[in-house]
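Here is the naming used below: chain letters follow the sequence lines, and residue numbers restart at 1 for every chain. All values derive from a computational prediction rather than experimental measurement.
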2 protein chains.
Amino acid sequence: MTARPPAGAHRATRQGRAIVAALRASPSFRSAQEIHAELCAGGQKTGLTTVYRHLQRLADDGAVDVLRQPEGDVMYRYCASDEHHHHIVCRECGRSAETDCPELSDWADRVAHSLGYSDVSHAVEVFGVCADCRAARR
Amino acid sequence: MTARPPAGAHRATRQGRAIVAALRASPSFRSAQEIHAELCAGGQKTGLTTVYRHLQRLADDGAVDVLRQPEGDVMYRYCASDEHHHHIVCRECGRSAETDCPELSDWADRVAHSLGYSDVSHAVEVFGVCADCRAARR
DNA sequence: GTCTAACTGAAAACGGTTATCATTTCGAAA
DNA sequence: TTTCGAAATGATAACCGTTTTCAGTTAGAC
Ligand SMILES: [Mn+2]
Ligand SMILES: [Mn+2]
Ligand SMILES: [Zn+2]
Ligand SMILES: [Zn+2]
């Protein structure tokens, strides 16, 4: 009886490394299509499907944060922190910064419970214009 | 010279009234497709395109609030208040309640400015399980 | 009643994402 | 080092909510 491998681990591939590298190199949230285009342009041939698959798994594993823009596109960013936190995203260039949110969690819990809701979670995104973009404007 | 009408006002139609009525009657956020199905089931023949058009205009006019669910579908709800506010949405049935957010605005402004961002806006949705759904569970 | 811009809705187009499936590749075990 | 099955890949097609198109209908000002 040939005891087969555990079957469940991730395998190291050129494409996976390239996708993680692209995410790590960017201070902004990026879409699957942007990453795909970037890899192709840089000579790293990779299927769009594969990019989607890796981003999805990275998100499931909690390695990247997912942001759904007001327009609907889903964007990903490699996060410095693995704690729960939120982002401030530049409306013009996409650059984002992270911030924690103790007061926010308290507020959400308090309000939700007072209205009879349990199992509370919250989604917060703050948008603005970053210093660079403001300078470039004028 | 026949002075033509102002050209810009909205016209009263059976379909428009039905859509507004459906929104007003619901305490939950509803999708365009849900509203369309409801109208058709109730004998109010209406094109899906028309539902989308009315919801879009109502949203532009600020008469309804727009919520993009984590899964991506866009949902609409007729709002009681025209002030800036946020929602607590039941993950199971969609029922929502409104809440204001003075502390939240302060938090967002403070954090954003400290990171160099201006023209700050924020999007917040709180999710939970409402009392009815919690009761129905067990 | 006339007239025109607003409105309607069936059908086709759109665009991002996911499913399919034949093929390739990784890597644990032999 | 060779083997071999699960994991990964990627071209293609399907999906699905939404938007566009366009020919026909209708509200409502005159
Ligand atoms: Mn983050
Ligand atoms: Mn509201
Ligand atoms: Zn910027
Ligand atoms: Zn509920």
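Residue T50(A) places at least one side-chain N or O closer than 4.0 Å to OP1 or OP2 of dG10(D). For the OP1/OP2 pair of dG15(C) and a distance below 4.0 Å, the side-chain nitrogens and oxygens of Q33(A) include no atom meeting the criterion. Remark: Q15(A) is not in phosphate contact with dA8(D), judged by side-chain N or O atoms under 4.0 Å from OP1 or OP2. The phosphate of dT18(D) has OP1 or OP2 within less than 4.0 Å of a side-chain N or O from Y52(B). Under 4.0 angstrom from either OP1 or OP2 of dA8(D) there lies at least one side-chain N or O belonging to R57(A). At dT9(D), one or more side-chain N or O atoms of T13(A) fall inside 4.0 Å of OP1 or OP2 (strictly under the cut-off). Contact between the side-chain N/O atoms of H54(A) and the OP1/OP2 oxygens of dA8(D) is not found at any separation under 4.0 Å.
Ring planes of H122(B) and H86(B): tilted class, angle from 30 to 60°.
Salt bridge R91(A)/D119(B): absent, no basic N to carboxylate O contact under 4.0 Å.
Rounded to a whole Å, the CZ atom of R14(A) is 15 Å from the P atom of dT24(C). Separating the NE2 atom of H10(A) from the C1' atom of dA28(C) is a distance of 17 Å, rounded to the nearest angstrom. When the P atom of dA6(C) is taken as reference, atom CZ of R17(B) falls 19 Å away, rounded to whole Å. The NZ atom of K45(B) sits 15 Å away from the P atom of dT25(D) (whole-angstrom rounding). Rounded to an integer number of Å, the gap from CD1 of I35(B) to P of dG9(C) is 15 Å. In this entry the distance linking NE2 of H36(B) with C1' of dT8(C) reads 12 Å, nearest Å. Residue L48(A) contributes atom CG, which lies 10 Å from atom P of dG16(C) at whole-angstrom precision.
Both R11(B) and D73(B) sit near DNA chain D, but only D73(B) has its closest nucleotide nearer the 5' end. The residue among Q56(B) and T46(A) whose nearest nucleotide of DNA chain D lies closer to the 5′ end is T46(A).
Between the side chain of R53(A) and the base of dA8(D), no donor-acceptor pair under 3.5 Å is found.
H113(B) contributes a side-chain N or O that, together with a main-chain N or O of D109(B), makes up a donor-acceptor pair within less than 3.5 Å.
Judged purely by distance below 3.5 Å, without hydrogens or angles, the side chains of R77(B) and S28(B) never pair a donor atom with an acceptor atom.
Between H87(B) and F29(B), the ring center distance clears the sub-6.0 Å criterion.
The side chain of T49(B) sits closest to dA11(C) out of dG28(D), dA8(D), dA11(C).
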